[in-house]
S.K.: 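Pasting a structure below so you can have a look.
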Amino acid sequence: MAFAATLGALTEELVQVITSTSSQSDPNRFNVLRESSLRKLRHHNFLRTNQFVVEEKLDGFEEHFRVVNRDGLADALRERLDALSRISTKWTPDILHLLLQLEDQPIKKSKLTDLDLLNESDQDSGPPLKWDDIAKEEGWDQDRDLWRNVNFERGSSGDDDFESVSDLSSEAENTSLSSVEARYQKTPADYLVESVDESRLDQVRETQLWRNAVTPKDATGRSLKISVPESHVVREVLFMLNGLESTLFDTQGVPSLQYQLNNTSWDVYKALLGSFGEAGRQLSILREFAKATQHIPLLQAFREAVERRLRSFDREISNLQARYVDIQQDVVISLARVLNDVKPHLQPLTCLSDIIQRLQQSRYPRPFHYLELLFEVAGVSQLEGNDVVYEFIATLFFECFQVYLRSIRLWMESGELIDGDKTFFISSSPTQIPLSQVWTDQFTLRKTSDGILYAPRFLQPAASKILTTGKSVVVLKLLGKYQAAGTSVPEHPLHADGDFKSRYGLFEPFSEVFNHAFETWMQSKHHAASTTLQRTLYDSCSLLSVLSALERIYLMSDGACSDMFAFAIFNNIDVLNANWHDRFNLTSLAHDAFGNIANAHRISVSVLADGLADNITEIRRSVRKGLPSVRIIYRLSWPVRMVLTDESLAQYQAVFTFLLQLRRASSVLHKYRLVSDSVAGTSIASSEQAMYYGLRSKFLWFCNTLQSYLSTLVLGPLTAQLRVNLQRADDVSDMIAAHSTFTKQMISEMCLSSKLDPIRQCILDLFDVVIRLQDARQLESEREQEETQELSRLSFMSSPMKQGSRRYMKSGEEEDETFLLEQDRSSMMQDREKTFAEVLGKARADSDRHLRFICSGLRGVARASGDTASGKWDTLAEMLEIGVQERR
């Protein structure tokens with residue numbers, strides 16, 4: 001029914017468009033046309049060939065013919081299609097469709113000559129004419145002497161010539177010719193020009209006699225110079241500059257000292273010839289470099305650029321020669337004038353020759369070393385005000401740099417490296433890298449054995465950004481979020497304009513000209529990839545939600561959830577539960593405590609092997625046992641782990657351990673309380689009890705002060721600043737750096753760094769003193785309870801559980817007073833051999849000593865260190881000094 005309704009609606013629209021009739025204007029005619037059209041469409045079993053598809057395919061063949069450089073076939077096809085359109089019928093698309101179905105590799109097998117077979121000849125042209133038939137008809141097919149070689153040497157006779165050549169050799173030579181036309185092929189002798197002007201030839205020979213002249217000598221036998229006309233010297237100089245052989249110069253441009261210019265002093269001639277000789281030496285260096293074979297593409301580009309400039313120079317010399325050969329106006333032949341004319345063209349080439357000499361003299365030249373030399377010389381030429389050399393070298397630099405730019409462009413656009421490219425400064429790891437380490441370990445900057453970046457010096461400041469852009473593209477491909485840039489996106493050309501201007505004009509140094517052009521070119525590619533990857537991390541990978549979860553789990557920002565998890569561990573330790581470290585129970589506790597965070601099922605808790613080997617009694621007595629072995633793991637997706645590195649997660653774990661130890665000390669101070677407060681008149685309701693409550697208050701103050709410092713001055717500001725820095729980050733590398741800086745500052749300000757380890761150990765000693773104090777108070781309470789029970793038994797012979805007895809109980813178990821009686825406390829308490837007063841005295845001494853050490857240590861480190869955390873250390877010392885001053 002849906003198809004019928006659709007067909008009906010389309011048919012109505014078709015009828016209305018073709019006939020210009022609607023149901024409102026002429027309903028009767030419209031209904032008749034609609035019904036007849038529907039009837040034909042419903043009962044038509046075979047669909048017509050789509051003429052547009054056929055036409056499109058034929059146009060595709062024509063285009064393909066032209067692409068493969070077969071324009072003749074393309075023109076013939078177009079000519080016949082145009083002719084067919086004038087005589088086309090309704091069956092033409094079907095016929096063409098049949099022919100297209102029968103086609104078999106037309107691009108490869110079609111021949112233009114096959115079209116001639118379709119043309120019928122009007123008359124019989126008869127057999128083709130051949131040279132063999134002509135030879136038979138003329139009668140010289142049997143003349144074997146016709147093809148014999150003739151020796152035209154002087155004094156030889158015809159008979160000797162014929163006898164010297166055998167018939168067999170003559171026949172062999174004849175058979176090597178494919179046709180009689182070979183008789184008319186020209187030999188090198190045919191191109192000899194017969195001179196009819198012997199006097200002119202003798203004149204030319206006479207002018208060149210100086211080349212082979214013997215060196216004259218004076219009366220004393222001293223050698224004299226051979227005099228040479230200035231026109232000949234000019235010609236020799238121009239030949240030498242063109243790289244041709246010259247009598248006055250050798251191949252290296254060294255002038256010959258046996259010749260002298262007519263009517264010119266020897267010093268002047270020597271100076272002029274020396275200038276040309278030096279130019280020839282510089283040019284010979286360029287020509288030798290241009291002839292050398294290069295296998296590295298970067299050096300091949302440089303060699304080709306040098307060769308093009310030599311050809312340009314040769315054209316200038318040729319134009320100068322034409323001035324003296326094809327004289328159109330009066331010309332003064334002057335060697336000094338020639339030097340003045342060629343000097344502007346020689347100056348840039350001389351500078352380029354010096355660069356090649358420096359390149360060849362380098363002990364271990366890198367392939368891109370010449371780019372560094374060009375960059376340096378361009379800057380020096382600009383500072384010297386030599387605009388000709390500056391523009392020449394700068395243009396050459398940008399031209400050669402385009403080859404090196406190919407690797408950079410491929411890396412920044414596609415995240416790919418050219419196989420076997422040892423000149424690029426980015427390398428890929430040959431081994432398989434986990435996805436979470438792709439950013440840090442898969443691609444690295446190539447460096448030399450000295451630790452120097454293997455890149456041109458002018459590119460080293462931008463190397464990190466280039467690496468980051470390519471890695472962003474690689475990660476986007478792994479995430480399936482990469483979209484290749486279309487051809488419609490214009491690319492900023494990396495070159496300087498004709499005047500080498502920038503936004504600061506001609507006075508800007510060349511280094512700034514390049515940096516501006518390269519930064520503009522690079523920023524267009526860097527921004528797109530980095531922004532896309534950051535948006536993917538925030539939106540698809542929920543980076544901010546993960547950071548919030550880490551803060552609640554490791555940094556204990558949610559105190560209620562953290563207490564629920566930590567107190568459950570402490571309770572199992574206090575009752576000497578040997579299975580307190582069971583990872584299944586610990587993981588279940590973590591899921592219950594942190595169940596309201598995102599992806600709580602990713603949390604797992606375990607205890608290291610060192611913690612499993614510790615005795616449960618020792619774990620209960622010290623925060624250094626057991627608790628440091630608790631490892632809580634929040635499994636992260638690999639894109640998030642690129643930002644949150646393993647080193648950062650290890651620092652999160654260190655913070656979690658320290659906060660867990662702090663909570664252990666606080667829980668011990670808050671956990672037990674007296675069931676009865678009527679302690680007046682007892683033996684411990686004296687100075688010992690006052691001392692105990694004084695110490696307990698001091699430890700409570702210390703734990704609360706430390707907790708306040710960590711939460712309000714360290715963790716709170718740092719986490720807020722982390723979010724700001726992540727939003728300001730330009731790319732993933734900046735995000736990684738921001739998070740790494742956050743964790744390092746957190747470790748440093750919490751006194752967990754290596755240089756503050758003595759202070760951290762002293763804080764842990766204070767936590768252990770808290771546990772020892774509470775154990776001593778519990779032990780003294782049990783002694784009093786035993787004495788009371790003994791007196792009650794003797795007096796009343798009744799139950800030892802008297803209404804006014806004093807003991808410590810767990811908070812939350814106030815109603816069940818039999819719980820503590822069921823525990824074996826003998827193995828849980830420490831310092832059983834000491835009196836309560838001795839334990840209190842030692843606890844007071846230890847606490848005072850540790851507090852003084854912590855305060856003085858923090859003050860000293862804050863003054864000696866230039867770390868940003870020194871201000872926080874000084875603040876913590878000032879907060880803790882209150883307890884030291886009260887004691888004094």
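Since the structure is predicted, the reported quantities are computational estimates derived from the model, not experimental observations.
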S.K.: With rounding to the nearest 0.5 angstrom, report the CD1 to CZ distance, Ile553 to Phe656.
M.R.: 9.5 Å
S.K.: Quick one: list whatever passes side-chain hydrogen bond (donor to acceptor under 3.5 Å, both in side chains) with Asn577, sequence neighbours left out.
M.R.: Asn572
S.K.: Heavy atoms only: give me the nearest Met746-Val714 pair and the separation to one decimal.
M.R.: O-CG1, 4.4 Å
S.K.: Please list every donor-acceptor pair under 3.5 Å in which a side-chain atom of residues 463-475 meets a protein atom from a residue at least two apart or in another chain.
M.R.:
| unit_1 | atom_1 | unit_2 | atom_2 | d |
| --- | --- | --- | --- | --- |
| Lys465 | NZ | Glu519 | OE2 | 3.4 |
| Thr468 | OG1 | Ser464 | O | 2.9 |
| Thr468 | OG1 | Ser733 | OG | 3.1 |
| Thr469 | OG1 | Lys465 | O | 2.8 |
| Thr469 | OG1 | His526 | ND1 | 2.6 |
| Lys471 | NZ | Trp439 | O | 2.8 |
| Ser472 | OG | Thr468 | O | 2.9 |

S.K.: Ring pair (Phe, Tyr, Trp, His ring centres under 6.0 Å): which pairs involve residues 745-764, sequence neighbours left out?
M.R.: none
S.K.: Tell me, please, which residues at least two apart from Lys872 pass salt bridge (Lys or Arg N to Asp or Glu O under 4.0 Å).
M.R.: Glu749
S.K.: Does any part of the side chain of Cys751, heavy atoms only, come nearer than 4.5 Å to the side chain of Leu858, both counted from C-beta?
M.R.: yes
S.K.: Tell me whether Glu878 at atom CD has more than 12 heavy atoms from other residues, nucleotides or ligands lying less than 6.0 Å away.
M.R.: no
S.K.: Applying salt bridge (Lys or Arg N to Asp or Glu O under 4.0 Å), can you list everything that pairs with Asp731, at least two apart in sequence or on another chain?
M.R.: none
S.K.: Would you check, one step at a time, whether the test side chain to side chain donor-acceptor pair (under 3.5 Å) holds for Arg552 with Asn596?
M.R.: CA-CA 10 Å; Arg552 298 181 64 182; Asn596 56 348; 3.0 Å; yes
S.K.: Just grab all the ring pair (Phe, Tyr, Trp, His ring centres under 6.0 Å) pairs involving residues 751-782, residues at least two apart or on different chains.
M.R.: none
S.K.: Is there a side-chain contact between Asp846 and Asp765 (heavy atoms, below 4.5 Å)?
M.R.: no
S.K.: Taking the six-membered ring for Trp, is the centroid-to-centroid distance between Tyr652 and His739 below 6.0 Å?
M.R.: yes
S.K.: By side-chain hydrogen bond (donor to acceptor under 3.5 Å, both in side chains), which residues pair with Gln651, not counting sequence neighbours?
M.R.: Thr743
S.K.: With Arg664 as the cation and Phe570 as the aromatic partner, state whether NZ or CZ is under 6.0 Å from the six-membered ring centre and within 45° of the axis.
M.R.: yes
S.K.: Give the C-alpha distance, both sets of side-chain angles, the deciding distance and a yes or no for side chain to side chain donor-acceptor pair (under 3.5 Å) between Gln761 and Arg624.
M.R.: CA-CA 9 Å; Gln761 296 296 334; Arg624 288 187 173 89; 3.0 Å; yes
S.K.: What I want to find out is whether Arg859 reaches Glu881 closely enough, with some N-O distance under 4.0 Å, to be called a salt bridge.
M.R.: yes
S.K.: Taking only residues two or more places apart in sequence or in another chain, which ones pass salt bridge (Lys or Arg N to Asp or Glu O under 4.0 Å) with Asp646?
M.R.: Arg641
S.K.: Which is it for Ser648 and Thr645 under the side chain to side chain donor-acceptor pair (under 3.5 Å) test, yes or no, and what are the steps along the way?
M.R.: CA-CA 5 Å; Ser648 298; Thr645 60; 3.1 Å; yes
S.K.: Looking at residues at least two apart in the chain, or sitting in another chain, which of them share a side-chain hydrogen bond (donor to acceptor under 3.5 Å, both in side chains) with Thr587?
M.R.: none
S.K.: For Met750, run the side chain to side chain contact (heavy atoms under 4.5 Å, CB included) check against Leu706, Leu876, Leu659, Leu718 and tell me which one passes.
M.R.: Leu659
S.K.: Would you please name every residue forming a salt bridge (Lys or Arg N to Asp or Glu O under 4.0 Å) with Asp730, sequence neighbours left out?
M.R.: none
S.K.: Could you report the tightest heavy-atom contact between Cys541 and Val546, atom names first, then the distance?
M.R.: O-CG2, 4.2 Å
S.K.: Hey, is Asp539 close enough to Lys481 for a salt bridge, meaning N to O under 4.0 Å?
M.R.: no
S.K.: Is any NZ, NE, NH1 or NH2 atom of the basic residue among Arg621 and Asp768 found under 4.0 Å from an Asp or Glu carboxylate oxygen of the other?
M.R.: no
S.K.: How would you list, by chain and number, every residue that makes a side-chain hydrogen bond (donor to acceptor under 3.5 Å, both in side chains) with Glu551, sequence neighbours excluded?
M.R.: Arg723
S.K.: OH of Tyr538: more than 12 outside heavy atoms within 6.0 angstrom?
M.R.: yes
S.K.: Can you give the donor-acceptor pairs under 3.5 Å from side chains of residues 601-614 to other protein atoms, not counting sequence neighbours?
M.R.:
none

S.K.: Answer yes when Asp775 and Arg620 have at least one side-chain N-carboxylate O distance shorter than 4.0 Å, and no when they do not.
M.R.: yes
